[in-house]
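Take a look at the structure set out below.
Residue numbers start at 1 and run along the sequence shown. The shown structure was predicted, so the numbers you read here are calculated from the model rather than taken from an experiment.
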Amino acid sequence: MVLGTFPSEKSLELEQYYGNPRNHFWRIISEITGFELVRLTYRERTEALLKVGIGLWDVISSCERAGSLDSAIVKPIFNVIDAGRFASLALVCFNGKKAASWGRKLVTSVRTLHLPSTSPANARISYRQKLDEWSQIKAYI
């Protein structure tokens, strides 16, 4: 399971996780899974991920935020992440620092991994560095 913080404005507009074409998520996960996800429709992308056991969700169900930055989130309402619902998961990956800091308080019975944000706002880490870190999940798919 990959948990982000909360969808960007573009993702909300498109009703798609990682909908901003500059976000590295779909390119990175394509390289990890060996599927050419970038060229597929959103539905085909998510179905392909589910076939290899990867689900997408967010730590926050709703919030107030001007823009798309996690640092602008106020009044977050967190998703209910309980042990029974996640008992069959081998790993929960947090996409970015904020998702990890909030999510680790919610996910307590499953192994977790904090990965660098795939957001275009996370420009201090190169695509190659992000891919190297994200490649740790290969052992679980």
### Common cluster, Leu69/Phe25, ILVMFWY with side-chain heavy-atom separation under 4.5 Å
no
### Message
Counting C-beta onward and ignoring hydrogens, is there a side-chain heavy-atom pair between Asn79 and Ile60 closer than 4.5 Å?
### Response
no
### Option from Phe6, Phe94, Phe78 for which ring-ring contact (aromatic ring centres under 6.0 Å, His included) with Trp102 holds
Phe78
### Query
Could you walk me through whether Lys51 and Glu47 pass the salt bridge (charged side-chain N to carboxylate O under 4.0 Å, His left out) check?
CA-CA 6 Å; Lys51 285 180 184 174; Glu47 287 174 355; 5.9 Å; no
### Task
Answer with yes or no whether the side chains of Asn23 and Thr118 bring together a donor and an acceptor at under 3.5 Å.
yes
### Task
Using the rule that two of Ile, Leu, Val, Met, Phe, Trp, Tyr join whenever any of their side-chain heavy atoms come within less than 4.5 Å, decide whether Val59 and Leu12 are in one cluster.
yes
### Query
Honestly curious: do Val52 and Trp57 fall in one hydrophobic cluster under the side-chain, below-4.5 Å linking rule?
yes
### Query
Between Lys130 and Glu133, does at least one N-O distance fall below 4.0 Å, as a salt bridge requires?
no
### Query
Do you reckon Phe35 sits in the same ILVMFWY cluster as Leu50, going by side-chain contacts under 4.5 Å, direct or chained?
no
### Task
Could you state whether Tyr140 and Leu131 fall into the same hydrophobic cluster, counting links through intermediate Ile, Leu, Val, Met, Phe, Trp or Tyr residues with side-chain heavy atoms under 4.5 angstrom apart?
yes
#### Entry: Given Leu91, Leu115, Ile32, the one that forms side chain to side chain contact (heavy atoms under 4.5 Å, CB included) with Gln136
Leu115
### Step-by-step side-chain contact (heavy atoms from CB on, under 4.5 Å) determination, Val74 to Cys63
CA-CA 6 Å; Val74 294; Cys63 65; over 6 Å; no
### Query
How are the rings of Tyr18 and Trp26 set to each other: parallel, tilted or perpendicular (split at 30° and 60°)?
perpendicular
### Query
Checking side-chain contact (heavy atoms from CB on, under 4.5 Å) for the pair Tyr42/Leu14: CA distance, chi angles, key distance, verdict?
CA-CA 10 Å; Tyr42 180 71; Leu14 296 173; over 6 Å; no
### Message
Quick test of your reading of the model: are Arg27 and Glu31 salt-bridged, counting only N-O distances below 4.0 Å?
### Response
no
